[in-house]
Amino acid sequence: MRKHKLLLISSALLIVGIFMLSSYGVAATKTTDVAVSEYKPSELKRYSWGNETATLGNPFTSLLFRKAFAMSFDYDTFINNVTNGFAERMEGVIPNGMFGHHDQLIEKGLIPEYNPDAAKAIFQQVGWRGTITLGYNAGNEVRKQGCLLLKSAIESMDAGIRINVREMEWPDYLSAVRNRELPIFFLGWAPDYADPDNYAAPFLHGEYGIYAPRLNYNNPMLNELIENASKELNVTKREQMYHQIEEMAASDYPFIYGYQAHRFTVLRSWIHNYNESGSLNPMSSFANVEYLVKEANATNPGKFIVETIGEPDPIDPATNYESFGSGLNELVYETLVDYKGNSATELEGKLAVNWTVSDDGKQYNFTLRQGVTFSDNTPFNAYVMKYSLDRAIIMMDPFGPAWMIAQAIKGGPAYMSKAFTNGTTVADAIDYLNAGGIKVIDEYTLQINLEFPYTPFLYALAYRVGAAVSPKAVIWHRPSEYTTNTSDATYGMVPLDEWFPDLNQTSAWDKLGLDPNNASNLVSGVVPSSPADGPNKHTWMATHAVGTGPFVLGTFDPATEITFTKNTNWWGNFTTGSPDEIIIKKVNEVDTRIQDLKEGQADSVYVPTTHASEVQNDPNLQIFTGPTFTVMFFGMNMNNTLPAEFIQQEEVTVTTTTTTTAAEGTETTTTEGVPGFELSTLLAALALGTVILYETKQRRK
């Protein structure tokens, strides 16, 4: 079984709203003459996920309670009044316009409509009373209003449930979600690659997903179906499997399916070439500034100034997995292939000039671009590319994006399985390397071998986890405790010569741009995945960047300002008039951002759709709109226990008095206790169509 794991989060933050889409699509899927029949996982018999009664302290363990919450959100009011119509109803995890989307979940009643009366009846049946914290990230006005709308609806029912809407700074918010602490949270997702597997697996797979494990949601039958759908080559059968996935998941109510966002990007009118630059591609998190043109008479000529919200996670491409940091990495790092123009389906070579795929879909051979150097003058070649890809997989950050390339590469699934349980050792890393997943054929030919054909593999390589990093930068700036004398024994650093057993050490170091005469360079700088937080993190790479891309990272102060300058070593061609410097400022106050934009102190700012009217019809501004693959949702946490900081159950007792009259007098018996859940609650749920039985025949030998 392949293993993904915990990314978070590629679309939780819209940098200036730049998650663009000009053409819907999906990774190309081969068609074969396979007979299509309903897919049925084996040997499972179960009800929809979740107890019919809530575990004491967390009502979201109750399927009924989750359904009631989903019935409490006024979808139409939110879309019309909060997003100002720049959104559409989200129907399942796979977005509208993408292959595999199911457009009848609402019609079939699997996703409930807004129905406060029915929700109130369920809340009263469940009987839980108390205060629940609902979290969102600071500065996101749309999410704030969505949280307040849900709070208002539920508290107006007078069912004893109070909602504490809590604004949290981005790092704190991510930490609370990752640590399974928030009872319910409002987040978003845009694809890493345009394929339904990049929604089904992160949202719904209980073992290697992103959100499902964070919600304690694990439906084994659904897991199996997701895994098989990702490998299916028949188009019709694959689509049928994703429809079945959506129906099964919808009946479990792990999410409140909020809305599918529309693009709303605002720039000064003195910025040109935005559409032509490919900046509208839905798979990009930042504008292609190297191809933009800023008028010479504009304010701050030569600079592209952006104001947005939040802060990035560590920006090492091997570990970063959220949209802010991903956008920054797109400016510095490059991958073998990338999306062409504004298309979400068409790829073009970037660090690879061409490639071939074997007939069985399991071997990829890339011819690499020659004459490319990193901004630190390290030469780019197949040895560097292998080092970069293997580094991400060996590190295997549990919250990072390495799963998307390791899931199919030979040796990757077994290594990931160990990494996500007890961590991995040097021996495990060497076993992975010896499996022959990534091979150097010659200095400019790289081969990648898969364990099974995986349709969207090339598209996964386009995400920045597949970027080339400078080995010199990684090794020179490794933490000081990584030494040739102690690292192997104490910290488990993978020996550098294990990457290239066919080369002597001197040749290997030379290919990676290292000086073999300097003993401090003669290490890999890479340690295996570890359950501890220390050894598997490269602290310098978390705040620095050395790539082959068009820009070089300058100042990095996420709390205030991040800057970039042009990379004079870049192999590509800047458009004449493109900005020499990029300045990204953190400005959480929306009014300040809009004022700076109108006064010309910023070229582009994040404008939430709640403030759309303030920038529309301004002749000095240009606005780009249209559909995207970005979806926004509430996740409901099913962990049995949650921190008292975020949830408090009200202690309510039920008193039952029985009076018996006899000849001798009157006897009264009183019992007290916490309200429980009776069979009538389950029967009511069945009457509402809440609990759906999934059953397959057990196979007996």
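When reading the values below, keep in mind they use all heavy atoms of this one structure, side chains included, and skip hydrogens, waters and symmetry mates.
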Pairing of [X] and [Y] as salt bridge, 4.0 angstrom limit:
X: E169; Y: K586; value: yes
X: D338; Y: R464; value: yes
X: D172; Y: R166; value: no
X: E346; Y: K340; value: yes

[X] vs [Y] aromatic rings, parallel, tilted or perpendicular, using cut-offs 30° and 60°?
X: Y364; Y: F457; value: tilted
X: F185; Y: F633; value: perpendicular
X: F78; Y: F186; value: tilted
X: W170; Y: Y173; value: tilted

Do any side-chain atoms of residues 552-561 form donor-acceptor pairs under 3.5 angstrom with protein atoms, and if so which ones, sequence neighbours left out?
from	atom 1	to	atom 2	distance (Å)
T555	OG1	T563	OG1	2.8
D557	OD2	T560	OG1	2.7
T560	OG1	D557	O	3.4

Exercise. Taking the six-membered ring of F574, is the NZ or CZ of K566 close enough (under 6.0 Å from the centre) and on axis enough (within 45°)?
Worked result: yes
May I ask you to check whether over 12 heavy atoms, not counting those of [X], lie within 6.0 Å of atom [atom1]?
X: N354; atom1: CG; result: yes
X: N573; atom1: CG; result: no
X: K144; atom1: NZ; result: no
X: K303; atom1: NZ; result: no

Seminar exercise, completed: Closest non-hydrogen contact found for T610 with V82 is CG2-O, 3.1 Å
